[in-house]
Amino acid sequence: MQHSTPQTASAMVMSPELCGAAIITAVYVLLMCMRFVWIDCVHYQKVADMYEKDDQQRGRRPPPVPPGSLGLPYVGDTITYLIAVQNSDLRSYFDKKVESYGDIFKVSLFGRTTVFLDLIDGTDFLFRNEGQGELSLLPSHWSRSIRALMESSSLPFTEGPIHKVLKNHWQRNFFDVSAVSRRVQTIEELAVKHIREHWPGQSVEMASVLAHDAISLYTFDVVCELCLGVKDPALVQKLRLDIQVYAEGFYCLPLRFPGSGFYRACEAKKRLTRMLELVIVQRRHELLEGRAPPTHDFLCVLLSQRDETGLSSTDQEIAAQMLLMLFAGQKPTADTLTHMIELVAAHPNAYAKLLQEHAEIASVKKEAELLSKDDLCSMRYSWRVLQETLRLFPVSANLFREAATAFQYKGFTINKGWKVAASAARVRSEPEMFRDADSFDPSRFEDTDGGAPPYSHFPFGGGLRMCPGDELAKQVIFVFFHHLLKNAQWRPVEAEHKVAPSYTCVPSPSPAGSLFI
Ligand code: HEM
C-alpha cells in the first residue's frame, strides 16, 4: 500500500492567486476560440456568398429560396393563420409577413411549405402556369381528409388533358352563358316558390327569417334540379342532410372510428353514393329510351360524354362528379347571397339603387312573365353589388397550387412539392388597388363593369382551374334578388345584426350563425 507524502498533498491544493490566474487563462482561451469560430463563420459565409454569387452568375447554383420562417415542424404557422382566418383578420397576418420578409415569403401551413407570391404579378403567374410546359403548377389539395373523401376521378383532382376535356364538355353543354340562360326558367320558378314559402311578404309585419338557412334550401333545390334532375322533396332532403355531414368531414382529422366527424362523413358518402347511383341508373335508361335529351340536366351531360375510344364514364366516376356538384354548386352561392342581403340591408343607398334597377325591369313585364337573358344582362348595378360582396367576402381567401418541378420566380427558387399561393384576402384590402378598401362601395366597379385592376379581383379563381359555375351562380343570385326585392323589404333584426359576418370554417368561410332578418 502506498501513502501520499506530505509534499504530494500540498502540491494538490492551489493558492487563490494561482486559481484566479487559471480562471482568467481559461476565459481568455475560450474567448479566443469563440473569436476564431466567429471570424471563421463570417468569413465562411462571405466566401460562400461569393461562390454562390459566382455560381449564380455562371448559372450553376439556383438562387435562394424566398425568405420566411417555417416555425415548428408540422405546426409551423398553421395556428396563427387559422386564428387570423377565424377573426377575419388575414390582413394583419399578411401585413406582418410582408413587413418582415417582403412581398414574396414562405411559411409552413398544414405541414407544407407554402410560398405566398407578390400581388398582381404573382396571381398572373399562378393562373398562367398551370400545366404549362416544364414549369408546371398542379392543383393543390390540402388535407388528407379531403383526399380521402373525394374520388381521384372528381374534377379538382384530374390534371392535364383529362381535366381539359372534361371541363370543355361541361362548359359547352351546361355552364356557358347560353346553356345557363336556357335554365333560367327553372331557376326562377324555384326562386318564386321559395320566397313564397319561406320568406314572409310585405303583408306580414315584423316577421323574421333565418336568411342563411332559407337561402341554403333554395340553392340546394336549384342544384338538385339542374344538376341531378331530382325534384322529389324527400330525396332532396336526404341528400341535403347527408351532404352537410359529408362536407363537415373535410375539416375533421382523418380518424376513422365510430362517432368521429370523419367517420360520419365517410358513412354519409356511402349513403350519398348509393342514392346517386340509383338516380344515374334511372337516367341512363331514360336517355337510352329517348325520354330525356342529352343536355336535360348536368347528369345527362355527363352520361352523354364519350372519350376518344367511344367509352362513357362509369357510374362510380359520374357519382363522384355529382357529389362534387352537390357541395361546390350550393354552399358558395348560398354564402355569397347571404352576405349580399346583409350588406344591402346595412347600406340604404345601395338598397335604393337595387330597388330602382329591379323595379325598372319589372315595370315592362306582363303579369307572371319570366325574366329573359336580356333582363339578366341589364342588372348592371346588381353585378357591381355582387362583385363588391365577393371582394369583401371572397369564397376562397387564398388560392393554392403545387410546384410540379423546382422553378425560379423573381430571383427565388421554389422547390418541387411546395405550395404556391395567390391571396385574395391580401389584395382586397390593398389601398393601392381599392380606395377606402374596408368600405362597401359597389361604385368602385363602375368604370368598365370590371373596374378593378387586372388580377386584383378574382372571386371565381382563374386559369385552367377557374370556377365553371360562375355564370350559373350569378343567375341564381340575381333571379332570387329580383323576386326578393319585388316581394319583401328586409332589415337585420337588431340584436342579431353583425355588419361584418364572422367566419366559421376554413378554407371556405360561411356566415356565422344564420343571418336573422
Ligand atoms: C358565388 C358562387 C361561387 C364562387 C364564389 C365560386 C368560387 C370558386 C373558386 C374560387 C374556385 C377555385 C378556382 C381556382 O382554384 O382558381 C372554384 C372552383 C370550382 N367551382 Fe365554384 N364558385 C361558386 C359557385 C359554383 C357553382 C354554382 C358551381 C357548380 C354548380 C361551382 C363549381 C366549381 C367547381 C367544379 C370547381 C373546381 C374547378 C376545377 O377544379 O377545375 N362553383 N369555385
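These numbers come from the heavy atoms of this one structure, side chains and all, not from hydrogens, waters or symmetry mates. In each ligand, atom 1 is the first atom listed, and ligand 1 is the first ligand listed.
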Could you tell me which atoms of ligand 1, counted from 1 in the order shown, lie closer than 4.0 angstrom to a heavy atom of [X]?
| X | result |
| --- | --- |
| Leu399 | 14 (C), 15 (O), 16 (O) |
| Lys167 | 38 (C), 39 (C), 41 (O) |
| Leu324 | 35 (C) |
| Met325 | 29 (C), 30 (C), 35 (C) |
| Pro156 | 40 (O) |
| Pro459 | 5 (C), 7 (C), 10 (C) |
| Leu155 | 38 (C), 39 (C), 41 (O) |
| Gly462 | 16 (O) |

Protein-derived N, O or S atoms lying under 2.8 Å from atom 21 (Fe) of ligand 1, waters excluded: 1
Residue, atom name and distance, where the atom is the protein heavy atom closest to atom 40 (O) of ligand 1: Arg465 NH1, 3.3 Å
Top protein contact for atom 1 (C) of ligand 1, by heavy-atom distance: Thr336 OG1, 3.5 Å
Using 30° and 60° as the class boundaries, would you call the ring planes of [X] and [Y] parallel, tilted or perpendicular?
| X | Y | value |
| --- | --- | --- |
| Phe400 | Phe116 | perpendicular |
| Tyr81 | Phe110 | perpendicular |
| Phe175 | Trp170 | tilted |

Validation row, ring centre Phe445 to ring centre Tyr381 under 6.0 Å: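 No, the ring of Phe445 stays outside the 6.0 Å limit from the ring of Tyr381, centre to centre.
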Just checking, is any N or O donor in the side chain of [X] or [Y] under 3.5 Å from an acceptor N or O on the other one?
| X | Y | value |
| --- | --- | --- |
| Glu317 | Gln321 | no |
| Ser372 | Asp374 | no |
| Asp121 | Tyr455 | no |

Proximity flag His163 to ligand 1, non-hydrogen atoms under 4.0 Å: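 So His163 counts as touching ligand 1.
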Any Lys474 heavy atom less than 4.0 Å to ligand 1: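 Per 4.0 Å heavy-atom rule, Lys474 does not contact ligand 1.
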Arg401 and ligand 1 - part of the residue with a heavy-atom distance under 4.0 Å: side chain
Which segment of Phe175 sits under 4.0 Å of ligand 1 when only heavy atoms are counted: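 It is the side chain that touches ligand 1; the backbone stays farther off.
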Verdict with reasoning, Asp77 to Ser108, per side-chain hydrogen bond (donor to acceptor under 3.5 Å, both in side chains): CA-CA 5 Å; Asp77 229 24; Ser108 166; over 6 Å; no
Arg391 NZ/CZ over Phe434 ring centroid, <6.0 Å and within 45° of normal: yes
Salt bridge Lys270-Glu267, side-chain N to carboxylate O under 4.0 Å: yes
Pair Glu159 + Arg465: basic N to acidic O under 4.0 Å: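 Result for this pair is no, no salt bridge flagged.
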The single option from Asn168, Leu302, Val301 passing side chain to side chain contact (heavy atoms under 4.5 Å, CB included) against Asn173: Val301
Those residues that, when tested against Phe127, pass ring pair (Phe, Tyr, Trp, His ring centres under 6.0 Å) (two or more places apart): Phe458
